[in-house]
Amino acid sequence: MSANDKRVSLEALVSLCKRRGFIYPASEIYGGINGFWDYGPLGVQLKNNIRDDWWRHMVESPPLDENGEPLQIVGLDSSIIQNPKAWVASGHVGGFNDPMVDCKACKARFRADQIDDYACPRKPSKKPGEYDQCKLTEPREFNLMFETYVGAIKDDDSRAYLRPETAQGIFLNYKNILDTTRVKIPFGVAQIGKAFRNEVTPRNFVFRSREFEQMEMEWFCHPDEALKWYAFWKAERMRWWRGLGIDESNLRFRDHEPDELAHYSDACVDVEYLYPFTAPNFGELEGLAHRGCFDLTQHQEHSGQKLEYIDQETNERYMPNVIEPAAGLTRGVLVILCEAYAEEWVPKDGSDGGPQPAAPGANPPDGYEARTVMKFAPKLAPIKVAVFPLLKNKPELVQKSRDVFNELRQHWPCFFDQTGAIGRRYRRQDEIGTPFGVTIDFESLEDNTVTLRDRDTMQQERVAIRELSARVSAGLQA
Ligand code: ATP
């Protein structure tokens with residue numbers, strides 16, 4: 001089945017995320033705050049799993065170069081608030097703007113460059129400006145940076161900014177890293193962290209929010225090799241996203257047209273995903289930019305510090321070029337949630353025939369019931385194994401289950417559930433994407449075996465307790 005056939009509605013996803021503790025609206029008891037979200041117990045686990053996989057692929061076990069040598073990439077965690085001069089040099093104070101229009105009739109606000117993506121609030125069948133009562137203003141430039149003040153006095157001298165991207169912290173530490181580590185060009189610096197943009201209209205759940213997380217890496221290289229590395233990272237980034245279990249047909253590249261490129265950029269491409277709210281179009285998930293030597297040159301000029309690279313072997317001096325893969329971590333969480341969500345019909349008695357895709361809007365046939373299942377790649381699933389005593393009022397079953405649970409939870413995040421009918425307990429775990437369920441029954445007391453249930457196929461097999469960890473470990477790596 002193509003992933004396109006089972007596209008989730010955003011409403012169903014938002015509702016599941018709230019109901020099961022993945023993502024909540026921020027400050028909900030006060031009516032929320034537009035563009036801010038809180039990641040609940042399962043959401044933070046999922047986000048951390050994506051984050052850790054990126055970090056492993058970038059910093060701990062980076063890709064190999066053409067000679068089979070691992071690339072040099074080091075990590076960084078820079079401050080969210082930096083000297084405001086850095087944001088003048090980077091161009092954000094002067095130019096990090098979106099064009100905004102207001103409707104004087106209904107008081108709604110839109111991004112002028114994305115007006116076709118909105119519906120008129122008063123006449124949703126029309127775009128803003130198409131309904132005869134709309135009164136749109138001329139577009140005005142709106143700076144997206146959040147301002148704050150450092151210290152006790154609030155004036156122009158104490159004004160500072162919450163970073164709108166993590167990348168600049170890397171450029172600010174480029175010299176420190178060269179001076180204090182043994183990296184040589186080509187090398188990369190990777191960083192994951194929060195970024196803040198006062199978006200004109202945050203929307204589509206966590207896709208466009210005002211506080212979000214990015215995973216960015218600046219790859220510093222010789223200008224003559226920049227295009228080679230651009231092609232390298234383009235292939236590498238797509239490979240990584242696919243490795244998270246995203247269906248190929250839901251991902252694509254979009255090369256930027258020459259008129260979209262910043263004046264300093266030689267090439268830029270987005271990795272795009274087929275989101276439920278953009279379909280049949282795709283929307284951005286990650287940007288990969290060839291930034292030339294723009295950032296280092298700007299910071300050299302504005303700081304007065306020499307940022308040129310001196311090749312120790314050839315004595316060549318040059319300003320490195322930079323290739324920048326800039327991915328959204330929280331947007332990545334949304335993609336993984338969209339991708340994992342499935343509605344299926346499953347046999348009620350767990351017998352013949354496995355799950356089959358549910359026909360939208362129809363009721364399951366006789367003998368079947370509907371289930372929602374999050375088919376996360378096992379490495380991303382927030383909880384890996386759930387343990388169930390068949391009956392909660394049999395102390396010997398509960399005790400044995402606790403023993404199994406205590407063994408498994410030394411290796412993975414596990415969940416113990418003894419409440420409700422076993423079928424309902426399975427469904428609850430399916431809905432949060434737990435790859436394996438282990439049930440302890442009366443047979444277990446006699447022969448030390450348990451039932452191991454697979455989330456996707458729903459097949460159950462008998463496994464000896466002493467082999468359980470190895471069996472689960474193999475399944476999680478599959
Ligand atoms: P867009 O065109 O969607 O506004 P952008 O091109 O401004 O994004 P970049 O500055 O290239 O985005 O940032 C890199 C990545 O950070 C994006 O690909 C996206 O995944 C993520 N990102 C950017 N803005 C937001 C936001 N407001 N909310 C969530 N993620 C974001």
Side-chain angles (χ1 to χ4, degrees), residues 54-76 89-91 165-191 214-243 253-258 260-271 286-301 305-327:
W54 186 92
W55 193 257
R56 219 171 4 261
H57 275 78
M58 283 292 181
V59 179
E60 293 171 1
S61 178
L64 305 181
D65 68 12
E66 57 209 9
N67 303 315
E69 291 291 322
L71 302 181
Q72 307 174 87
I73 306 182
V74 294
L76 178 74
S90 68
E165 60 172 39
T166 56
Q168 293 304 320
I170 297 179
F171 296 120
L172 300 180
N173 283 284
Y174 157 83
K175 188 169 155 41
N176 279 337
I177 287 173
L178 266 186
D179 292 348
T180 57
T181 73
R182 300 183 58 192
V183 291
K184 290 194 188 115
I185 285 221
F187 71 92
V189 183
Q191 162 150 253
Q214 292 186 310
M215 309 183 285
E216 298 196 287
M217 196 272 292
E218 307 302 314
W219 180 251
F220 298 95
C221 59
H222 192 284
D224 293 349
E225 295 207 313
L227 282 174
K228 175 187 102 176
W229 286 114
Y230 176 76
F232 176 93
W233 283 110
K234 185 172 169 182
E236 192 56 40
R237 296 307 303 139
M238 183 60 97
R239 203 168 67 85
W240 183 76
W241 285 112
R242 285 188 184 153
F253 286 122
R254 188 182 73 81
D255 289 299
H256 285 210
E257 299 297 330
E260 281 179 88
L261 293 177
H263 63 92
Y264 51 80
S265 177
D266 283 343
C268 197
V269 60
D270 290 341
V271 177
E286 167 162 356
L288 176 76
H290 176 342
R291 299 185 61 86
C293 60
F294 175 76
D295 306 271
L296 288 180
T297 310
Q298 286 292 107
H299 288 303
Q300 174 166 282
E301 244 173 72
Q305 300 277 324
K306 279 240 161 298
L307 298 179
E308 272 180 348
Y309 182 77
I310 305 169
D311 189 315
Q312 302 292 347
E313 280 165 28
T314 61
N315 276 332
E316 186 188 2
R317 281 171 174 267
Y318 58 89
M319 204 49 117
N321 272 202
V322 167
I323 307 301
E324 175 191 84

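Q168 and H299 form a side-chain donor-acceptor contact under 3.5 Å, judged by distance and modelled atom types alone.
In this structure, CZ on R291 lies 5.5 Å from CZ on F171, to the nearest 0.5 angstrom. Rounding to the nearest 0.5 Å places CG of D255 at 8.5 Å from CZ of F253. In this structure, E216 CD and W54 CH2 are separated by 8.0 Å, a value rounded to the nearest 0.5 Å. Taking CG of D266 as the reference point, atom NE2 of H290 lies at 4.0 Å (rounded to 0.5 Å). The distance from the CD1 atom of I185 to the CD atom of Q312 is 11.5 Å, given to the nearest 0.5 Å. The structure places CZ of R317 at 11.0 Å from CE of M319, a figure rounded to the nearest 0.5 Å.
Open room surrounds NZ on K184; 12 or fewer heavy atoms of other groups in view lie less than 6.0 Å from it. Atom CZ of R242 sits in a crowded spot, with more than 12 heavy atoms from other residues, nucleotides or ligands closer than 6.0 Å.
Closest approach of W229 and C221 over heavy atoms only: CD1-CB, 3.7 Å. Contact between Y318 and P223 at its shortest, heavy atoms only, is CD1-CD, 3.6 Å. Minimum interatomic distance between N321 and A226 (heavy atoms only, all atoms of both residues): OD1-CB, 3.8 Å. Across all their heavy atoms, I170 and L76 have their closest contact at CA-CD2, 3.7 Å. Pairing each heavy atom of M215 with each of W240, the nearest pair is CE-CH2, 4.0 Å. Nearest heavy atom pair, residue L261 against residue C268, reads CD2-CB, 3.5 Å.
With contacts defined as side-chain heavy-atom distances shorter than 4.5 Å, the pair F232/I323 does not qualify. With a 4.5 Å cut-off on side-chain heavy atoms, W219 and I73 count as touching. A heavy-atom distance below 4.5 Å is found between the side chains of R254 and H256.
Checking side-chain atoms of Q214 against main-chain N and O of T166 turns up a donor-acceptor pair under 3.5 Å. Side chain of Q300 to backbone of L307: a donor-acceptor contact under 3.5 angstrom is found. The backbone N or O of E257 sits less than 3.5 Å from a side-chain atom of E260, completing a donor-acceptor pair. Between the Q72 side chain and the P186 main chain, a donor and an acceptor come within less than 3.5 Å of each other. Side-chain atoms of E324 do not come within 3.5 Å of backbone N or O of A289 as any donor-acceptor pair.
Note: Y174 and F187 have parallel aromatic rings, judged against thresholds of 30 and 60 degrees for the angle between ring planes.
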Output, in order, the C-alpha distance, side-chain angles, deciding distance and verdict of side chain to side chain contact (heavy atoms under 4.5 Å, CB included) for F220 and V189. CA-CA 8 Å; F220 298 95; V189 183; 4.0 Å; yes
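Ionic pairing of K228 and D65 is not present here: no N-O contact between side-chain nitrogen and carboxylate oxygen is shorter than 4.0 angstrom.
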